Amino acid sequence: AKASGPGAVLLFEAQMQDQVSSRARLQRSLAEALQQHAFALHYQPQLDQHGAVVGVEALVRWHLQGHGMVSPAEFIPLAEKTGLIAPLGRWILHAACSQLARWAHVPGCSHLDMAVNVSAVQFQQEAFVEQVQEVLAQTGAPAARLKFELTESLMMYEIDSVIARMKALRALGLRFSLDDFGTGFSSLAYLKRLPLQQLKIDQGFVRDILDDHNDAAIARTVIALGESLGLEVIAEGVETEAHRDALQQWGCRLYQGYLFSRPLPVAQLGEFLQQRAGG
Ligand code: C2E
Ligand code: CA
Ligand code: CA
Ligand code: CA
């Protein structure tokens, strides 16, 4: 496990000798946390080539009493295995849509897109489309501003049912981004069939584009692929000006990463937006 921000340094392995009991305990805590509303969303800005904030990615945070922050990289996979991803995913969607609905009335925020990570397990749930419809109706969030980040693990499912579901959500006005692109089970034949609007270059490729010819070649190829398929391309994990400049030179127009901002609680995001607007 790795830390996911300042103070987020919980390593269960280090604290609990027995891996199995640690997992069981984490699983119990996860179930309790759902009941006790111990989750929060942080928001990481996404910027265009002019430096304007065009949207945010919602990233879930779990504050576990007496332990600190648990990384989603640690508990999301566990939630997927135990089925807890269903209620957790619903909570995440509801929280993100509530925020999106609020922004619709805030000057300078109504244009912001909200990207929400949807795990393949959650997406493939029988009633997922109805659930999204329900949450949109409950919160009043504008569907046209909502974007789902899907991963290539969806390709392990029956592709026609995935496409049908994506189309049903497109009909509601939502958009799709393919997250961690190039790290999973990509098949270009499938890629062409999915009703996607955006590809997201994985941070694993972005990190070393300046030193690693192969990573640079992959990033350039994803950008070119996006262009020829008519898809937006966003790079995540943009940490330095040099990253941004290289990506920009290759034709990438959207960026997300520590160079601009870490994921922020909503109040701090408001300050960040105000600062950018002010100068
Ligand atoms: P992801 O979707 O690929 O999210 C990007 C991760 O990279 C986030 O970690 C983010 O904080 C981090 N990051 C952003 N900018 C930079 C940067 O410049 N440098 C580096 N080194 N890292 C950066 P986080 O928040 O710990 O999330 C980890 C993973 O957990 C996510 O990867 C996603 O797969 C999953 N996850 C997070 N929130 C949710 C959620 O609400 N639902 C679902 N299903 N999964 C989530
Ligand atoms: Ca993501
Ligand atoms: Ca990603
Ligand atoms: Ca990732």
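This structure is a prediction, so every number in the text was calculated from the model and none was measured. Each ligand, and each atom within it, is numbered from 1 in the order the structure gives.
- Per-residue contacts place Ser119 under 4.0 angstrom from the following atoms of ligand 1 (heavy atoms of the residue considered): 44 (N).
- Restricting Asp179 to its N/O/S atoms, the shortest distance to the Ca ion (ligand 2) is reached by OD2.
- Near Gln44, meaning under 4.0 Å from one of its heavy atoms, ligand 1 places the atoms 14 (C), 15 (N).
- Those atoms of ligand 1 with a heavy atom of Glu239 less than 4.0 angstrom away are 17 (C), 18 (O), 19 (N), 20 (C), 21 (N).
- Ring-centre distance between Phe75 and Phe39: below the 6.0 Å cut-off.
- Of the options Glu236, Glu149, Lys200, the smallest heavy-atom separation from atom 5 (C) of ligand 1 is shown by Glu236.
- Shown in contact with Pro72 at under 4.0 Å from a heavy atom are these atoms of ligand 1, numbered in order with element: 24 (P), 25 (O), 26 (O), 27 (O), 28 (C), 30 (O), 36 (N), 37 (C).
- Partners of Phe176 by ring pair (Phe, Tyr, Trp, His ring centres under 6.0 Å), not counting sequence neighbours: none found.
- Between Glu57 and ligand 1 there is a heavy-atom distance shorter than 4.0 Å.
- Both Leu100 and Phe148 are members of a single hydrophobic cluster when ILVMFWY side chains are connected at heavy-atom separations under 4.5 Å.
- At least one N, O or S atom of Asp180 sits under 3.0 Å from the Ca ion (ligand 3).
- For atom 1 (P) of ligand 1, the nearest non-hydrogen atom from the set Asp179, Asp202, Thr240 comes from Asp179.
- Ion pairing of Arg90 with Glu134 is present here, as a side-chain N (NZ or NE/NH1/NH2) and a carboxylate O approach within less than 4.0 Å.
- By the 4.0 Å heavy-atom criterion, Arg262 is excluded from the residues contacting ligand 1.
- Close approach of ligand 1 to Pro263 (heavy-atom distance below 4.0 Å) involves ligand atoms 11 (O).
- Nearest N, O or S atom of Glu57 to the Ca ion (ligand 2): atom OE2.
- Here Glu271 pairs with nothing under the side-chain contact (heavy atoms from CB on, under 4.5 Å) rule; sequence neighbours left out.
- By heavy-atom distance, the residue among Tyr258, Phe75, Phe39, Phe260 lying nearest atom 13 (N) of ligand 1 is Tyr258.
- Within a 6.0 Å sphere centred on CD of Glu158, heavy atoms belonging to other residues, nucleotides or ligands number more than 12.
- Nearest residue to atom 43 (C) of ligand 1 from Asn117, Val118, Val60, Val206 is Asn117 (criterion: closest heavy atom).
- Counting heavy atoms closer than 4.0 Å to ligand 1, residue Arg61 contributes side-chain atoms (C-beta onward) but none from N, CA, C or O.
- Asp202 lies apart from the Ca ion (ligand 3) in this respect, since none of its N, O or S atoms is found at a distance under 3.0 Å.
- Around the Ca ion (ligand 2), the angle linking Glu149 (OE1) with Asn117 (OD1) is 90°, rounded to 10 degrees.
- Looking at Gln203 against ligand 1, only its side chain comes within 4.0 Å, counting heavy atoms.
- Between Arg193 and Asp160 there is a salt bridge, since at least one side-chain N of the basic residue sits less than 4.0 Å from a carboxylate O of the acidic one.
- With no hydrogens or angles considered, a side-chain donor-acceptor pair links Gln256 and Lys200 at under 3.5 Å.
- Taking a 6.0 Å sphere around OH of Tyr190, one finds it holds 12 or fewer heavy atoms contributed by other residues, nucleotides or ligands.
- Checked by atom type, the side-chain pair Glu80/Ser119 shows a donor-acceptor distance below 3.5 Å.
- Heavy-atom proximity to Asp180, at under 4.0 Å, picks out these atoms of ligand 1: 3 (O).
- Here the straight-line distance linking atom CG of Leu41 with atom CZ of Arg61 works out to 9.5 Å at 0.5 Å rounding.
- Close contacts between ligand 1 and Gly257 involve ligand atoms 15 (N), 18 (O) [criterion: under 4.0 Å to a heavy atom].
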Could you walk me through whether Gln46 and Asp113 satisfy the side chain to side chain donor-acceptor pair (under 3.5 Å) test, starting with their C-alpha distance in whole Å, then the side-chain angles of each, then the deciding distance to 0.1 Å, before giving a yes or no?
CA-CA 9 Å; Gln46 300 182 330; Asp113 286 338; over 6 Å; no
